[in-house]
2 protein chains.
Amino acid sequence: MSTPGLLGVLGGMGPLATIDFMHKVLDATEAHRDQDHIPIVTACIPQIPDRTAAFRGEGDSPLAAMIESGKLLAEAGASMIVVPCNTAHLWFEPLQAALGVPMLHLVDAALEDAVALAGRDARIGLLATDGTIASGLYVNRRAGNGQQIQWLLPTAREMVEWVMPGIAAVKAGDVARGTEFLQAAAAALGKRGAQAVILGCTEIPVVLHDGNSPVPVVDATAALARRCVSWSQQEREHAAQGG
Amino acid sequence: MSTPGLLGVLGGMGPLATIDFMHKVLDATEAHRDQDHIPIVTACIPQIPDRTAAFRGEGDSPLAAMIESGKLLAEAGASMIVVPCNTAHLWFEPLQAALGVPMLHLVDAALEDAVALAGRDARIGLLATDGTIASGLYVNRRAGNGQQIQWLLPTAREMVEWVMPGIAAVKAGDVARGTEFLQAAAAALGKRGAQAVILGCTEIPVVLHDGNSPVPVVDATAALARRCVSWSQQEREHAAQGG
């Protein structure tokens, strides 16, 4: 007997991003007591080959290990699986094919929020790691309903001087420096016409948010978390109605 | 094929305490990259009947739901299971019997740390919820190696005026008030001779720590997290040596 609306979180890439995502699921839930929160099973098994190294052709593919974690979640009864890691989405299609369980795509969630915020044919900026941007993960993904996104990316110089050092500063706990660099990168995108900026790396929303960003922001993992909560709540209501 | 040293976290009581425990596991790990962190599978399925209501005889037992979550972890390959919730430990023995998987007991971890800190025959104070204290969860548990603990508990008045409102203030996000009340409660235990105070409720270490407590503190869930990391690392080293 499986739990209705049981969400599977294929985590461990890295463990802190997994915990951060679970926090965002809680934040996205209207709850008055423990029992109001959605049921989650999480595989946080970080012994997965490095995604960025694999993308660069310098290391083993993470796919086999991701499939192993995913199967564990499917066998535990998860009827929807998500992966709170941007780079891991480079292996999304073969992973989903191997698991045969519905999955929500992180980039779809972010694009949907960005279009809702900035409108059709919007000019959307992207702040993410060098690997995420270079892989085309965001720019190659089509927004739903035939909407066309006009992408604005940081220049190589902005990446080297602001985005990458900003992300590194957050990882090292230097919030002031991280805020300053990432605000500068967002401002540059805004100056070139971005109506909203997608934060496509879990470190960035730690320091950049609508309260301090020069351009409205879309936190990709928070967008995914909200969709997970809606999905689980609908599944549980459906089950409660004897569906 | 199961993952060596895979820790099972039977969570959801509540979800925030589960995430907090996962954070403490990360904090307790010497890691330079994702792959250095221990593998965890977490069942955060909060549809478990309220533990405090059940203890008071006012609600269903949570045992059946806890066994269901625990079996899910065992089937996922967890070879050690822990429950990051004090009150849930009132059902520890029947849970362990039903699962047949080794489990680490939260109170044992806390008692071991308290004795290591304050010595044999130490006078140990306890700060926890009314239910945890009234259940005898801590005072009935025997410390290892024949050590005898002299317990010091808050008075009913201290519980009503400081401990319970302090915990409620932390839950409501009022850190200043929570700190003031819980410092006062710790100071009262220190005045009566406590050489260390066990923080037996996940909300308390949010505001009380060795940097601001009038008496040295032992964070029970952090003590459990450290033991989990040691256990997993030993299992993985053993497996790597072809054990």
Side-chain angles (χ1 to χ4, degrees), chain A residues 1-27 29 31 33-53 59 62 65 68-69 71-78 85 87-88 232 236 239-240, chain B residues 1-27 29 31 33-53 59 62 65 68-69 71-78 85 87-88 232 236 239-240:
Chain A
M1 196 203 65
S2 73
T3 306
L6 180 62
L7 177 72
V9 178
L10 202 171
M13 301 174 280
L16 197 57
T18 307
I19 294 174
D20 179 63
F21 176 75
M22 292 174 75
H23 250 301
K24 284 174 180 166
V25 169
L26 291 198
D27 289 345
T29 314
R33 43 185 206 128
D34 290 350
Q35 289 78 6
D36 296 335
H37 284 282
I38 72 163
I40 306 177
V41 55
T42 302
C44 184
I45 302 177
Q47 286 69 39
I48 298 178
D50 187 83
R51 282 69 58 194
T52 302
E68 205 177 315
S69 279
K71 282 194 170 161
L72 181 158
L73 297 170
E75 282 161 20
C85 167
T87 321
S232 179
R236 288 164 58 203
Chain B
M1 197 205 62
S2 72
T3 306
L6 180 62
L7 177 71
V9 178
L10 203 171
M13 299 177 281
L16 196 56
T18 306
I19 294 173
D20 179 62
F21 176 75
M22 290 174 77
H23 251 301
K24 284 175 180 167
V25 169
L26 291 199
D27 289 345
T29 312
R33 46 187 205 128
D34 291 350
Q35 289 77 5
D36 296 336
H37 284 283
I38 71 164
I40 306 178
V41 54
T42 301
C44 184
I45 302 176
Q47 287 69 40
I48 298 178
D50 187 85
R51 284 67 58 193
T52 302
E68 207 176 313
S69 279
K71 282 192 171 160
L72 182 159
L73 297 170
E75 282 161 20
C85 168
T87 321
S232 180
R236 288 164 60 204

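Chain identifiers are assigned alphabetically (A, B, ...) following the order of the sequence lines, protein sequences preceding nucleic acid strands; residue numbering begins at 1 within each chain. The figures that follow rest on heavy atoms only: side chains count, while hydrogens, waters and symmetry mates do not.
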Mind listing the closest non-hydrogen atom pair of [X] and [Y] along with its distance?
X       : Y       : result
A:Gln47 : B:His37 : NE2-O, 2.7 Å
A:His23 : B:Leu16 : CE1-CD1, 3.4 Å
B:Leu26 : A:Pro15 : CD2-CB, 3.5 Å
A:Asp34 : B:Arg51 : OD2-NH2, 2.9 Å
B:Ile45 : A:Ile40 : CG1-O, 4.0 Å
A:Pro46 : B:Pro39 : CD-CA, 3.8 Å

Original post:
So which part of B:Arg33 gets closer than 4.5 Å to some heavy atom of chain A, the side chain, the backbone, both or neither?
Top reply: neither

Original post:
Of the backbone (N, CA, C, O) and the side chain (C-beta and beyond), which part of B:Leu73 lies under 4.5 Å from a heavy atom of chain A, both, or neither?
Top reply: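 Neither part, no heavy atoms under 4.5 Å.
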
Original post:
Hey, which of A:Val25, A:Ile19, A:Leu72, A:Leu6 has the most heavy atom pairs under 4.5 Å with chain B?
Top reply: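 Top count of heavy-atom pairs under 4.5 Å with chain B: A:Ile19.
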
Original post:
For A:Leu7, is it the side chain, the backbone, both or neither that has a heavy atom under 4.5 Å from a heavy atom of chain B?
Top reply: neither

